[in-house]
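Structure first, commentary second.
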Amino acid sequence: MTSKELRLKSIEYRKKILQYIYHAKAGHTGGSLSCIDILNVLYNDVMNVSPANFHLQDRDRYIQSKGHSVEALYVVLADQGFFPEEELLTLCQYQSHFIGHPTKKVPGIEQNTGGLGHGLAICAGNAVAAQKDGLPLKVFSLLGDGELAEGSNWEAFMLAGHYGLDNLCAILDYNKQQITGTNAQVMGLEPIDKKLEAFGWAVREVDGHDVDALSQTLNSLPFEKGKPSFLIAHTVKGKGVSYMEGTLKWHHGVPSPAQYEQAQAELDAQLNILEPAL
Ligand SMILES: Cc1ncc(C[n+]2csc(CCOP(=O)(O)OP(=O)(O)O)c2C)c(N)n1
């Protein structure tokens with residue numbers, strides 16, 4: 001996919017995330033908007049995973065450890081053809097599979113997540129198995145910065161470093177905010193690069209909204225042969241909608257009708273800058 005196509009997709013995905021959260025009257029808005037460029041690049045430009053190969057053992061794996069941002073994942077999986085997009089109109093309704101956290105009942109989802117701190121350990125297990133079986137697949141995990149307060153992540157970091165899992169890539173959606181405050185207020189992570197390096201990981205940093213930089217970095221895995229890769233993606237919670245950006249209350253939140261119109265208008269304006277004919 002070209003750089004422009006990826007940038008257009010990101011805006012379209014943001015519009016859809018808001019559309020389905022607004023319709024469902026529920027959702028983790030800010031964190032979905034902060035990680036969507038990462039998912040866009042992974043699914044459209046990096047990973048070897050699709051509805052056609054999902055049953056095969058040697059496909060790549062993606063497990064979204066910050067499971068609460070599931071609306072971003074639903075929108076991307078629908079776009080990849082894992083299920084018809086209109087099914088997202090059932091989001092958060094009684095008996096719908098499209099609940100507020102990922103479950104394997106939804107086509108394309110590898111693992112149930114949502115209880116923070118589980119995804120990376122599962123990915124590390126998958127990476128060990130692939131290494132032993134000689135399968136040429138890559139395993140990707142998306143982590144939240146607040147999520148790193150869970151000690152289980154650090155066990156997985158230690159294991160992956162020890163076993164030299166260079167088929168594993170963890171991406172940190174580093175928006176520096178959690179539910180109740182900033183990382184600095186609740187649980188600081190710095191120096192996160194030095195900590196991961198001390199655990200035996202190769203670390204890179206990137207602007208997590210720059211699809212070109214994301215694509216270039218994620219297409220150069222492993223960052224170092226014989227080491228797991230850790231990508232610090234600097235992001236903004238609520239990215240793309242002016243009144244949501246960097247605002248704690250939009251961790252989860254449903255726009256009012258006027259706010260919804262404004263958000264869609266802002267995203268349409270971004271689309272028009274990229275593609276004036278639209
Ligand atoms: C084990 C566990 N504890 C608490 C929660 C509730 N919870 C949901 S999201 C969240 C904050 C996560 O912050 P972060 O990982 O930074 O996510 P982001 O800001 O990117 O949305 C918390 C504490 C949870 N899902 N799982």
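When a ligand or atom number is given, it counts from 1 through the structure's own listing order. All values below were derived from every heavy atom in this structure, side-chain atoms included, with hydrogens, water molecules and symmetry-related copies excluded.
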Legend entry - Residue pair Tyr62 / Gln64, side-chain donor-acceptor N/O under 3.5 Å: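 The answer is yes; a qualifying pair exists.
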
Inset, instruction - Establish, from distance only, whether the side-chain atoms of His234 and Asp207 form a donor-acceptor pair under 3.5 Å. - result: no

Distance from [atom] to nearest protein heavy atom, with residue and atom:
| atom | value |
| --- | --- |
| atom 14 (P) of ligand 1 | Gly146 N, 3.4 Å |
| atom 26 (N) of ligand 1 | Leu116 N, 3.0 Å |
| atom 11 (C) of ligand 1 | Ile179 CG1, 3.6 Å |
| atom 3 (N) of ligand 1 | Glu150 OE2, 3.8 Å |
| atom 15 (O) of ligand 1 | Glu147 N, 2.9 Å |
| atom 21 (O) of ligand 1 | His68 NE2, 2.7 Å |
| atom 19 (O) of ligand 1 | Lys237 NZ, 2.6 Å |
| atom 25 (N) of ligand 1 | Gly114 O, 2.8 Å |

Inset, instruction - Please test Trp250 against Tyr243 for ring pair (Phe, Tyr, Trp, His ring centres under 6.0 Å), starting from the C-alpha separation and ending with a verdict. - result: CA-CA 9 Å; Trp250 287 101; Tyr243 62 85; 5.6 Å; yes

With heavy-atom distances below 4.0 Å as the criterion, list the atoms of ligand 1 near [X].
| X | answer |
| --- | --- |
| His251 | 9 (S), 11 (C), 21 (O) |
| Gly144 | 15 (O) |
| Gly115 | 26 (N) |
| Gly31 | 21 (O) |

Legend entry - In one Ile/Leu/Val/Met/Phe/Trp/Tyr side-chain cluster, 4.5 Å: Val49, Val139: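 Val49 and Val139: separate clusters.
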
Inset, instruction - Go through Asn183 and Leu148 one step at a time and tell me if the side-chain contact (heavy atoms from CB on, under 4.5 Å) criterion holds. - result: CA-CA 10 Å; Asn183 288 357; Leu148 292 193; over 6 Å; no

Once you restrict to heavy atoms under 4.0 Å, what part of [X] touches ligand 1? Side chain, backbone, both or neither.
| X | answer |
| --- | --- |
| Gln177 | backbone |
| Lys66 | side chain |
| Leu148 | neither |

Inset, instruction - Look at the aromatic rings of His251 and His28 and report parallel, tilted or perpendicular, splitting at 30° and 60°. - result: perpendicular

Is the backbone of [Y] close enough, under 3.5 Å, to the side chain of [X] for a donor and an acceptor to pair up by distance?
| X | Y | value |
| --- | --- | --- |
| Thr182 | Gln177 | no |
| Asn44 | Val41 | no |
| Glu266 | Ala263 | no |

Inset, instruction - Could you tell me if the ring centre of Tyr20 sits under 6.0 Å from that of Tyr74? - result: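 That pair fails the under 6.0 Å test.
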
Inset, instruction - Output yes when the distance from some N or O of ligand 1 to some N or O of Asn175 is under 3.5 Å, and no in every other case. - result: yes

Legend entry - Heteroatom proximity flag, Asp145 to ligand 1, N/O under 3.5 Å: yes

Inset, instruction - Measure from NZ or CZ of Arg59 to the centre of the six-membered ring of Phe54, then state whether that distance is under 6.0 Å and the direction lies within 45° of the axis. - result: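 Positive - Arg59 is close enough to the ring of Phe54 and near enough to its axis.
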
